[in-house]
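Hydrogens, waters and symmetry mates are skipped; everything else that's a heavy atom, side chains included, is used. Labels below follow one simple rule: chain letters A, B, ... track the order of the sequence lines, proteins then strands, and each chain is numbered from 1.
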Protein chains: 4
Amino acid sequence: MPTSTWERLPQARRAAVISAAEAEFAEHGFSGGSLNVIAREAGVAKGSLFQYFHDKVDLYSYLSERASTRIRGDMEPVIASLPWQTDFFGAFEDLTVAWVAYFRSHPLELAMTVAVNLEPDRSARTAVRRVANEHYLSVLEPLLRTAKDSGALRPDADIEAFLSLLLVLLPHVAVAPSSPGLDPVLGLSSPDHDDQVAAAKRLVAVLRAAFEPAPVGVA
Amino acid sequence: MPTSTWERLPQARRAAVISAAEAEFAEHGFSGGSLNVIAREAGVAKGSLFQYFHDKVDLYSYLSERASTRIRGDMEPVIASLPWQTDFFGAFEDLTVAWVAYFRSHPLELAMTVAVNLEPDRSARTAVRRVANEHYLSVLEPLLRTAKDSGALRPDADIEAFLSLLLVLLPHVAVAPSSPGLDPVLGLSSPDHDDQVAAAKRLVAVLRAAFEPAPVGVA
Amino acid sequence: MPTSTWERLPQARRAAVISAAEAEFAEHGFSGGSLNVIAREAGVAKGSLFQYFHDKVDLYSYLSERASTRIRGDMEPVIASLPWQTDFFGAFEDLTVAWVAYFRSHPLELAMTVAVNLEPDRSARTAVRRVANEHYLSVLEPLLRTAKDSGALRPDADIEAFLSLLLVLLPHVAVAPSSPGLDPVLGLSSPDHDDQVAAAKRLVAVLRAAFEPAPVGVA
Amino acid sequence: MPTSTWERLPQARRAAVISAAEAEFAEHGFSGGSLNVIAREAGVAKGSLFQYFHDKVDLYSYLSERASTRIRGDMEPVIASLPWQTDFFGAFEDLTVAWVAYFRSHPLELAMTVAVNLEPDRSARTAVRRVANEHYLSVLEPLLRTAKDSGALRPDADIEAFLSLLLVLLPHVAVAPSSPGLDPVLGLSSPDHDDQVAAAKRLVAVLRAAFEPAPVGVA
DNA sequence: GATGAATGAGAGTTCATTCAT
DNA sequence: TATGAATGAACTCTCATTCAT
């Protein structure tokens with residue numbers, strides 16, 4: 001949590017610190033990011049950073065929380081616009097496509113997502129992932145519950161397993177395109193956006209096969 | 001790639017360096033691991049490390065390759081002993097349980113897996129992941145192909161999507177138990193081994209639902 | 001010397017600053033004590049401290065003067081109650097015992113005494129020691145003069161040497177118990193209060209031997 | 001304890017580090033002394049200091065040990081030349097005078113003695129004082145024991161109390177001349193060397209009165 | 001009179017790498 | 001081929017003090 005000083009700061013100064021810090025952490029992650037660089041780029045004294053945040057972890061947590069919130073804020077309208085009621089897995093596929101496109105056009109959010117997911121320092125990682133996961137869950141869980149209640153998922157669908165998978169797959173789908181070697185099979189790590197989208201769709205298809213109600217046979 | 005000097009080294013010296021380096025990287029990851037410490041623990045001069053490996057990345061790649069190979073070597077007999085032909089998803093579940101148990105009893109291999117999967121330096125990450133993924137694939141791909149050919153999977157099963165998922169899920173299942181906060185839903189990050197196993201089984205159940213042939217209707 | 005602003009301050013505010021500063025300097029000494037911490041604990045703005053005192057040294061001098069005065073104020077009733085007239089060295093021993101006990105039960109006064117006696121900054125040290133010594137002297141000198149006049153000390157006793165010794169020994173006796181290694185011989189630095197007292201008494205015995213009148217021979 | 005690297009160092013380099021460090025610590029004490037300054041003045045890289053000593057404490061301990069040893073080495077010939085057998089307290093007085101003169105002409109040794117005696121960091125203080133005290137004791141204890149055995153001290157003299165006093169008084173006598181305000185009574189802190197000597201002699205006279213055998217009455 | 005944000009030098013320590021021996 | 005001393009930039013974090021409001 002930032003200090004009270006931070007809250008009282010002129011907006012311009014806050015913005016300078018935030019953008020310098022985001023850039024730095026996005027590029028080098030938490031452990032690799034340098035407060036020296038952040039201060040220099042933000043045009044503030046090194047000591048000032050410590051007037052605003054208790055320590056490096058505090059600053060990083062603040063930023064990753066911000067990024068999570070921003071990503072969520074950007075995605076929620078998209079989600080709201082999709083036809084979950086009438087075509088759940090169609091909507092889900094659309095969401096996935098939007099998700100891939102989002103990170104392609106939001107390098108900063110992508111970089112923060114990468115940093116959060118790859119943070120090597122255990123306690124920093126635990127802290128930031130927990131926060132990120134809470135965001136994912138509070139968006140996704142109601143979606144799945146409603147879907148199940150409305151019959152868009154199998155009656156015996158294991159919603160928790162579904163959520164748990166999404167907690168792994170969504171960051172993966174976000175990160176893989178920028179990390180060659182991560183997905184050598186489907187092409188999620190291909191530089192070509194269409195390949196990425198195609199790959200993501202094939203993953204969604206698996207989820208559909210697993211959770212969609214069986215078609216009613218006539219026989 | 002190690003230097004030619006390394007290859008010519010007395011086996012005892014190589015072993016000393018390897019075990020010191022594995023211990024260090026396992027504990028602190030790549031970026032956090034210290035060559036000073038490795039040299040000291042191995043009982044060799046700091047300069048010698050640079051006679052054996054071109055730089056820190058080189059040493060680390062070598063070690064993670066070794067770890068991947070060792071893990072694969074340890075798992076292959078297990079895989080070979082399972083009844084893939086008669087009960088594919090049963091065997092798959094057994095494999096998953098063995099996988100969880102393996103990392104529980106092999107802290108070094110776990111730590112290397114964590115380090116490989118969370119490496120924040122992009123180029124180091126790309127290099128080590130690529131290698132690890134090749135190991136996964138060369139073991140898993142034949143398994144899935146055979147299963148499909150023998151009817152253990154649906155005729156229209158997207159094997160590549162299956163593989164791609166496993167490339168994400170297997171490391172996740174290995175790493176999550178030691179990384180609190182990674183899986184807040186199923187309990188894969190619970191300290192209790194039974195919880196971990198139960199959670200892993202639920203993930204397998206999803207794969208089964210997605211890829212198992214539909215039961216033949218009687219009509 | 002505090003500023004005139006300080007004198008005009010509401011008593012409550014003064015008290016807050018004093019107690020925060022005493023605690024801080026007692027714990028970390030002068031050089032190690034932090035004005036940041038003092039201001040925070042006192043609930044006043046950092047800048048305010050500089051409205052009250054010219055600088056850190058000024059604040060510290062003020063506090064050590066206060067501590068000296070308080071210690072003196074606490075000891076004077078004890079001194080007044082002792083039978084100096086009838087048994088000078090007995091009284092002196094009692095005083096020493098009380099002195100040891102006093103610091104054992106007054107951690108703040110002890111810490112300030114330690115800080116004053118070990119201040120590494122020469123000018124700060126000179127200032128605070130001078131003040132402390134004046135307190136010691138104005139209490140002790142009359143005591144010794146009276147004793148000499150009344151025959152409790154040898155007629156040729158070098159009172160100034162006596163005083164000078166006390167100026168060294170009293171702080172030493174106060175400080176040694178909390179500073180392991182200071183007195184490896186008599187046990188003044190032992191954690192056991194009884195050991196400390198016994199050691200202090202042996203030091204007093206030396207003074208007695210040096211200054212007590214020789215017993216009258218019978219001839 | 002210095003590292004083994006330190007022992008193997010060219011003598012010139014060692015000398016450079018030692019003299020820079022002695023100067024710095026002598027001037028500012030342990031807590032106040034700066035490794036930056038030491039490295040700069042010694043003309044070595046900051047990192048090199050940590051190849052030679054494990055940390056700041058290690059370096060400081062090494063230097064204060066050296067200073068203690070040097071002071072002892074300088075005083076021992078003086079001590080050996082004095083007529084302890086025939087005139088113990090005369091010799092003792094001579095020693096004291098020599099002691100005062102020594103520090104007057106050895107500013108570095110004086111400064112280190114001051115630093116050791118006023119070190120505000122408790123653990124550093126404990127460590128270095130312990131060492132210094134051992135030096136004092138191994139020189140003084142045999143002297144007093146012999147004196148007592150030979151009848152130069154009273155038969156009931158409390159040798160341990162004597163030693164304990166010396167452990168306080170000798171550093172005091174060394175330090176006081178350079179620390180105005182320390183001895184406002186006898187003049188040990190006077191700038192005039194003769195005053196200092198006279199003051200020291202009066203302190204010795206107290207010890208003589210306390211420990212010298214009573215003159216044999218004829219009657 | 002009170003505030004508290006800003007400063008920037010400085011702290012001790014670690015690091016991967018070089019290179020003369 | 002092995003050594004290990006040397007490097008100096010980089011790290012996070014703290015500090016007493018100033019001064020505009």
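Not counting sequence neighbours, the partners of D:Arg125 by the side-chain hydrogen bond (donor to acceptor under 3.5 Å, both in side chains) test are C:Ser179. Under the rule for a side chain to side chain contact (heavy atoms under 4.5 Å, CB included), the partners of C:Thr113 that lie at least two apart in sequence or sit in another chain are C:Ile71, C:Phe103, C:Asn117, C:Ala174, C:Val175. Under the rule for a side chain to side chain contact (heavy atoms under 4.5 Å, CB included), C:Ala127 has no partner lying at least two apart in sequence or in another chain. Under the side chain to side chain contact (heavy atoms under 4.5 Å, CB included) criterion, B:Val131 pairs with B:Glu65, B:His135, sequence neighbours left out.
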Which atom pairs, one a donor and one an acceptor, fall under 3.5 Å between side chains of residues 9-23 of chain B and the rest of the protein, sequence neighbours left out?
from    : atom 1 : to      : atom 2 : distance (Å)
B:Arg13 : NE     : B:Tyr52 : OH     : 2.5
B:Arg13 : NH2    : B:Tyr52 : OH     : 3.3
B:Arg14 : NH1    : B:Trp6  : O      : 3.4
B:Arg14 : NH1    : B:Glu7  : O      : 2.9
B:Arg14 : NH1    : B:Leu9  : O      : 3.2
B:Glu22 : OE2    : B:Arg70 : NH1    : 3.0
B:Glu22 : OE2    : B:Arg70 : NH2    : 3.3

Review item, side-chain donor-acceptor pairs of residues 32-50 of chain D, under 3.5 Å, at least two apart:
from    : atom 1 : to      : atom 2 : distance (Å)
D:Ser34 : OG     : D:Asn36 : N      : 3.1
D:Ser34 : OG     : D:Val37 : N      : 3.1
D:Asn36 : OD1    : D:Lys46 : NZ     : 3.1

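Between B:Pro180 and A:Arg130 there is a side-chain heavy-atom pair separated by less than 4.5 Å. With contacts defined as side-chain heavy-atom distances shorter than 4.5 Å, the pair D:Thr3/D:His54 qualifies. At least one side-chain heavy atom of A:Val116 sits less than 4.5 Å from a side-chain heavy atom of A:Arg129.
Protein chain B touches strand DNA chain F; the 5'-most and 3'-most nucleotides with an atom under 4.0 angstrom of its non-hydrogen atoms are F:dT1 to F:dA6.
Listed by first and then second residue, the ring-ring contact (aromatic ring centres under 6.0 Å, His included) pairs involving residues 15-46 of chain B are B:Phe25-B:Tyr60, B:Phe30-B:Tyr60 (not counting sequence neighbours).
A heavy atom lying under 4.0 Å from DNA chain E marks the following residues of residues 10-34 of chain A, by number: A:Arg13. Scanning residues 35-63 of chain A for heavy-atom distances under 4.0 Å to DNA chain F yields A:Leu35, A:Asn36, A:Lys46, A:Gly47, A:Phe50, A:Asp55, A:Lys56.
Residue B:Asp55 comes nearest to B:Asp58 through the heavy atom pair OD1-N, 3.0 Å, listed as atom of the first residue, atom of the second, then distance. In this structure, A:Ser64 and A:Val128 approach most closely via the heavy-atom pair OG-CG1, 3.1 Å.
Taking a pair as Watson-Crick or G-U with both hydrogen-bonding distances under 3.5 Å, the stems of three or more pairs touching DNA chain E are E:2-21 with F:2-21.
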